[in-house]
Every structure is written in structure tokens, then in C-alpha cells.
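Residue numbering restarts at 1 for every chain, and letters A, B, ... go by the order of the sequence lines.
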Amino acid sequence: MSVGGLDERVEEPSEEEEEEFRESFEEEELEVVPISVEEPKNTGPCVLLAVIYDGSVGKALCKLYDPSNGKIYYWHDNTGHMPYCLTDLTPEQVKRHAVAAHKGFRGVYEVEKYDPLRDRVLKFSKIVASDPLSIGGRKRSIREILPKAWEDRIPYNNCYIYDSGLIPGLYYMVVDGDLKPAPMEFPRDVASEILKFFNGEPKEVLDCVKDWLPLFLIPVPDIPRLAIDIEVLSTANRIPEPSKAEDQVICISCVSSNGLKRVFMLKREGIDEGVKPKTLPEDVEIRFFEDEGEMLREVFKLITSYPIIVTFNGDDFDLNYLRHRATNIGIKREEIPLAMGRNYVDVVPGVHIDLYKFFSNRSIQVYAFGNRYKDATLDAVATSLLGVGKITLDKLISDLSYYDLAAYCFRDAEITLNLTSFNDGIVMKLIMLLMRISKLSMGDVVRRGVSVWIRNMLYYEHRRRNYLIPSKEDIIAAKGVSVTRALIKGKKYMGAIVIEPKPGIYFNVTVLDFASLYPSVLYRWNLSYETINCPHEECRGNRVPELPHWICTKRRGLSSTIIGMLRNMRVYWFKPKAKDKSLDPTVRTWYSVVEQGLKVFLNASYGVMGDENFPLYCPPVAESITAIGRYVISKTIEKAKALGVDVLYGDTDSIFLYQPTQDQVKRLIDWSIGEFKIDLDVDKVYRYVTFSGLKKNYLGVFNDGSVDIKGLVGKKRNTPEFLKKLFMDVVEILGKVQSPRDFEEAKLKIRSVVRDYYVKLKCRELNLDDLAFRVKLSRDLDHYVKTTPQHVKAAKLLEKFQSRKLGAGDIISYVKVKGDMGVKPIQLARIDEVDVDKYVGHMETTLRQILEAIGINLDEIFGVRSLDKFFSKK
DNA sequence: AACTGTGGCGTACCTC
DNA sequence: GAGGTACGCCACAGTT
């Protein structure tokens, strides 16, 4: 043990202290599982699924999947790679410094790094440590002792990935004990065709394309996987707690991608066998167990035989529960192939993916699945993506017969598996692609957000080029904060332009939009944290329109290059090819996966630049992107007007043209490419559009009669059902309008529909469900301190009358009633208390947004004095 | 002291 | 990430 100065005596911090401190850091500690896994000296090509830190031997561990035999192999680092961080002290200074006495300190040597902020190569000292927690994650870790450290907050497994140039999701093989990239075939002709699109782009971009093409073209294997779902015997009013695992596991369902369908059932006193329900498929095998431990052991054996284990919420529940339950009932550690991490559960020897986390990812939900599911619950996701949801129960789990329990539990496992298999397995393919782009292990892709993906992708590229990864403070110190002021209070910088639309109906409207405007701007204007306000005097003239910032003319920005390359790949190749019906279906599926994966990255690339939690956060870059965006759209609108076209509306990257000729459209598109090198495309053509006069608020009817509704209250999730129905009835009538002449008839129909609803409302012929506002609690009830919104009031009332606690995420259904409170939860309200006038008001605002535009006077319908006149018309 | 009118603000949901 | 809309809450001012 090394001897430090007196003040450097390291006291072991207490358990709690340590725990609390670690909270804010990324360094994960994974439980060590004493199960040995094959580590052959030679293998065929294997897919790299994960790189983790194996604490038992203090080395990086690669989990490899061999498609030729379905096995998982382990490979431990044999290059002597160790955790490290950088400092600007010289090696001599380090040796005299207290860190040299740190018990994890293993050495120091000088390295050269290119500093992108200063555009200079600088010398640093690389401090090597015995284990990741010596670098950071403890109170007295090396980085805490140093005056300043760099690259000290990178999880070790990822650091290993960068330094060894590994790409998770690609093929590697073990050759005489060493890990080597496996040469993989991919269509070279396709690669050269894609390269053609990059003709004339800078050399940095071309190099980048060549490096990245294999990631998009090497096929991904279909990896066998096992889905697991468990049921626990819970006593009436207690939710089973995984960390205690006090209750018996009574049923475990396993379904695999290679045909296994098995239910493990614990025998219990007095439980009926029941009748086999139709919902339980014929070929499901049910195995009964007298002993819970024996049942768990069987399932554990199965877990070890699959490379991938799939669950829905297994991190927080199923696998977590099994892990603790197994210990509680005396199963030996070496028989439990589950490893607890801080917020997740890993499996041995394979990889566990928790689909709940993946589908909860906002970017996945919005950009990969187009918001097709609204809630990331198993039932909601499965219902919308597979068309099959959970089985609904009318009894407690504990009261179900064996057959009913089996059917219920099996269904959950089955749809969990199918979420990875539907549409030719696009979800697994997408995960694999995201691994390749982000350079993250499978588990990280599934569990972490898009900001971590992009961070890791960019860090990897930094290391590849021997760039210093700057600290957040360095970037802010060098580049400053934003100079623009946002229109909305509390935002950090100015955003996009929204044109004020003129209210009315307009026939023959063409909408043009810029193909991924912000990534295009990022690319064409060479925007990166290091290129904005660069240190060169001679670049100061290359200004961002309307802003004091300038952009480097001497070097290409790293993030600009990478994101631009991804953007071009998507726009020029994968997006059009994914729609090309002449291609082989398998190829097309893969292309559409790549297209969607790229979309996720591109759409987030701007967002992270303006997110203060992003480690490469750079406000001048973020505000320059939006400023150039405003510049581009403004100039385009000017040009359209110069071409003689009326611009009705525009938002961020779109412009609505009133009755343009084909020639005018073409000339505008050509002009945009010539002027900005940014593609402007025809996005949609409307038969007609109605504008209410409000921004982000319009209705467009396509030529086929389908209707596009944006921002109108009648479409919002929380508007009462009866208003939505009324609204949709009106919209249906509008969809049938072919020409201005049809409006007179449509208006008559609309009046009659509106009147019917009005009468129903007035006569209270609607039920409470139809009248309910359904609003989500964004936080727990006691966290609303400034105001008490209506749904919170309703929730508080409801809580008094039921045992269940209400909190963040719960959707509260309430109706507006007469009286002091103004609202009541639907469960406590009666139809005769409803405040009809309030609802009339809502009817009015809902309809106003479309009816005023088409010349229906709402005051005439709703105005008190003209009511009689309205009714007497018929 | 109890009402009423107003404007800023908080919250939810949506658009790009 | 910023830009919007709807709507109720709440404080405050100026009555009644």
C-alpha cells in the first residue's frame, strides 16, 4: 500500500455516504455472477452485443454472439487496457501530487491531444488507474483530488469501446486469443452508388462516409431470444416489492423466437384447474411444480441458454423480483444468472433488454413509431403495434384458475416477444442499428436516451481522431452563452419563425418544406462547438446572419460533419430506397429501419445542442441553427412573393403556397438548392385549407378527402369525448367539400349537427363519460404548490374516496359542475350537477377554430339573444 | 368585508 | 429544443 501525506489518509466513507455520492455519477457497478462462460481461443464471426466491466477480474468483457451455433462467448481484454483520465499537470507534477498516493494509482505518462477549442495540439498527462471507481465515482477518487481532469466521466466500458475501435452490432472473431474484426460481405455496388451522391462534398465528409457505410450495409442476424413474464401472489392491497420479494412467484411464462412456449406453474392449495380458455394457444406446455425453488431453477436454466432475454419492465419488476426471491428461498448465487445493476438487471451469459424502457424513450415513440402508441404500457404498445393487447381480468390474480392464470401470464410474454418480432423483426434490427451508430452496448441503447446515444457517438469520433474531449465548462468558457432572447419567458434563446395566417378558406394549397432543415443547416454552415466563434482572426468575417457569431472557415466541425453525413445518407439513399417497391422486401425492411434510425438521430441532433445537460452543450451553436433557419425561410418567402405566389402560412421549415403553378413551385425549389444547397420538397397538396387565424392551428383537406388537423382543440387528447365526436362529425362534412360551391350545403349540414349536439347537451342526454376531461397529472399531488389546476382539485377529491394514491402519470377524468369547486371527478359526479353553460362555452371554442373560417357565425348559434331565432329556423 | 374586473402566471397539450 | 393555444388560478385594484 502506498503511503501518502498525512492529509491524504483515505478513510473509507460510510455506506450511506458512498451510496448518496455515487448517485450523480455514471460509473455503474454490476453485481458479479459466479457462473463461468465459454471463452474460446478461436471463433468464427460473432456479433458484438455488449462490452461491460467485469469487476471480478478488473477487465473489459465483450459478450459475443455466434450465429453459427447460437452460443454466447465471452472475451476478456488481453491488451492490458486500463481506466484513465487526463490532466494538464505534467507527469512530474503528477508524481509529486497527492494522486500518486491514491491506492488505485497505477502510473502516469505524457500524451498529445488535439484541442478542438483552441485548434492546437497540446500535451496532457494520462493517469492510469487500477479500476474505474478509482478514477471517479467515490468521494476521494482521483478526479476529485486533481485540480482539473478531462475525460474522467466516461463509463469505463465505453472508454474501452472507443480505444479499441469496437463497434457494437458488428462482427468480430477471436483469433488465437485476440479479438479481431471479422471481414464481412456487403454489397459494394450499393456502396459506390451511395458514394456518388457525395460527389463534390469535402474530403472529411467523404472519409466519414466510407467509414460509416458498412454499418448501414452489413446485414444483421436474427438472434434467438426468450421473453419472460412472471406473476406474483400478492395479498389484496399490497403491491409486491421486488427488493423484498416476500411473496411467492406463482407463474412464469417463457416464449422464444424459436418456438418454445412454456408456462411454469406453482401448485397451490385449493386452486381449480379450470377450463382451458380460447385465449391460451393449443401448443403451450404447462409444467406444474410443487416447489417454488425448483421452478425458478428451471427458468434460470432456460435463461442461460438464450443470448437475449426480453421483458417488459423486467429491470424494475420481473427479473428484479426473481433475483431477490431466489436468494430469499435459498437458491445459491451460482444458480442465479441475474446480475443487479444500479437501475437495471443484466443476465448471464447473454443480454437483457427491457422493452418498457425502450418504448418509453420519447424519440423512439415519436420518430420511430410516429406516436402510434400514446402510453408506454405493454397493453397500449402491443395493441397499437401488434393489434393484440393484454388479457383483461375480472378477478384477482390469486383467484384465477390454473388455466386462466396461464393464459393471462402467457399472453404477456407472448406479446412481449412479438414486439421484437413483428414486421420482420424491425425492433431488433433497429436496436442493432442504433448500437452501430451510437457505439453503445445493446443494454445501453435500450435503456438510455437519445442524448446519451449522440454523446457516445461523438465521443467515439473524438477519440478516433485523437481529439481532446472538452469539458462542458471549457466549451462555455470559450464560446459563451446565447445572445438572443427567446419570445417565450424562461427559454434560453430565440427559436423559429411562425407566420401569422390570414383566416379563411383557401383552395389549391401546396405545402413545401425543407428536408430536415436543422441538420441541413448544421451541415451546410459547418456548425459545431469548435467551429463557432473559432480562435482564428481571419474567420471573424464569416458571420451568422443577424448574430454576432462567426464560423470557422479553416476546419470542418466534427459534429457538423457526422450529422451532415447521416442526413445525406438518409435523404439521398435510405429514404427513397425504403419506398422503392422494386427492391427485395428484406432489403426494403432493412432500408426503412436505417431510415427510421437515422431520423431519430437527426431530429435529436439539434435538440441536444440546446440542452444544458448535454456535455457538448453550446448555446451559440443552438441559437445559430435557429437563426439561420429563420434566415432561410424568410428568404424563401421573399423569393416566393417575387415569383408572384401568395404565401398563406409557414412554420419553422414549411411554407403554404396559394394556388402556385407547377412552374412556380419548380423555380422556387431550384432556387433553394442553388442559394442554400438545402433541399426544398413538396410535402403535401391540399384541396383546401381553413385557417382560424391562430398559429399552429389549421385544417387541411387532401384531394382524396382525408383530413389533416393541426392543433385544433377538437383533436386534443384531453377534450371531452362528446366535443371530439361533434368535431369529427363536422370534419367529416368538410372532407366531402369539393369546391367553393359545396360549402352552402355543408354549412346547412353543420348547423344541423351542431344543433343536435347543443340540444343533447342542454337536455343532459349525454353521459358523464362523454363529458369528462381526461388530464394527466404531471407530478404528485403535493407537488402542485403555485396553483391548483382543476384536474388536481378533482384528483384530491377522488383520493379521499378511494384507497389508491394518485400521482404523476395518472390520468384524471373530471366533469365541470356547478358549485364552489367547479369540478368533480367522474366517479363522484351526477349528470344533474353538470354545468351546462361551461360546456356550451367549450363547444363554442372547439367549433370556432374551423367554423369562423368558413363563414358560420357562432354568435348566431350560441349568442343568448339569437338563440330563439336559431331554433325557430327549423 | 365582500364583490368584480383584470392581467400575469401556471399547467397541459400540441406543432415543428 | 423553442413557439403556440386554451383555460383556470390568483393576486391585486377598485369598487359596492
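At a threshold of 4.0 angstrom between heavy atoms, the contacts of Met494(A) are confined to the sugar-phosphate backbone, with no base atom among them. Within 4.0 Å (heavy atoms only), Tyr649(A) reaches no atom of the nucleic acid at all. Residue-level contact check: Arg485(A) touches neither bases nor backbone, having no heavy atom under 4.0 Å from any strand. Using a 4.0 Å heavy-atom cutoff across all strands shown, Thr788(A) reaches sugar-phosphate atoms only and no base atom. If you check every strand for non-hydrogen atoms under 4.0 Å, Ala496(A) touches sugar and phosphate atoms only. Residue contacts shown for Leu694(A) are limited to sugar-phosphate atoms, with no base heavy atom under 4.0 Å away. Here Lys695(A) lies in heavy-atom contact (under 4.0 Å) with sugar-phosphate atoms only.
Here dA2(C) is the nucleotide among dA2(C), dT5(C), dG8(C) with the atom lying nearest to any side-chain atom of Tyr606(A). Comparing atom distances between the Tyr493(A) side chain and each of dT5(C), dG8(C), dA2(C) picks out dA2(C) as nearest. Between dT5(C), dG4(C), dA2(C), one nucleotide has an atom nearer to the side chain of Val498(A) than all others, and that is dG4(C). Out of dG8(C), dG4(C), dA6(C), the shortest distance to the side chain of Lys816(A) is found at dG8(C).
A cation-pi geometry, defined here as NZ or CZ lying under 6.0 Å from the six-membered ring centre and within 45° of its normal, holds between Lys439(A) and Tyr460(A). A cation-pi arrangement, defined by a distance under 6.0 Å to the six-membered ring centre and an angle within 45 degrees of its axis, is present between Lys816(A) and Phe773(A). A cation-pi arrangement is absent between Lys724(A) and Phe727(A), since the terminal nitrogen or guanidinium carbon is not both under 6.0 Å from the aromatic centre and inside a 45° cone about the axis.
Checking Arg774(A) against Lys489(A), the closest nucleotide of DNA chain B that is more toward the 5' end is the one next to Lys489(A). Nearer the 5' end of DNA chain C, as judged by each residue's closest nucleotide, is the contact made by Gly841(A), out of Lys786(A) and Gly841(A). Each of Ile709(A) and Val775(A) has a nearest nucleotide on DNA chain B; the 5'-most of these lies closest to Val775(A).
Side-chain atoms of Arg570(A) do not come within 3.5 Å of backbone N or O of Lys575(A) as any donor-acceptor pair.
For Ser605(A) and dG1(C), the shortest distance from a side-chain N or O to OP1 or OP2 is not below 4.0 Å. OP1 or OP2 of dC9(C) lies within a sub-4.0 Å distance of a side-chain N or O belonging to Lys793(A). An OP1 or OP2 oxygen of dC7(C) is reached within less than 4.0 angstrom by a side-chain nitrogen or oxygen of His842(A). Of the side-chain N and O atoms in Thr845(A), one or more sit less than 4.0 angstrom from OP1 or OP2 of dC7(C). Remark: Lys696(A) is not in phosphate contact with dG4(C), judged by side-chain N or O atoms under 4.0 Å from OP1 or OP2.
Rounding to whole angstrom units, CZ of residue Phe773(A) and P of dC7(C) are separated by 8 Å.
For the residue pair Met494(A) and Arg485(A), the shortest heavy atom distance occurs at CE-O, 3.3 Å.
Within the 4.5 Å cutoff, no side-chain heavy atoms of Tyr686(A) are placed close to those of Phe507(A).
By the neighbour-count criterion of 12 heavy atoms within 6.0 Å, atom NZ of Lys715(A) is densely surrounded, having more than that number from other residues, nucleotides or ligands.
Residues Phe359(A) and Phe369(A) place their aromatic rings such that the two centres sit under 6.0 Å apart.
You can see that DNA chain B meets the heavy atoms of chain A within a 4.0 Å-exclusive cut from dC9(B) to dC16(B), reading 5' to 3'.
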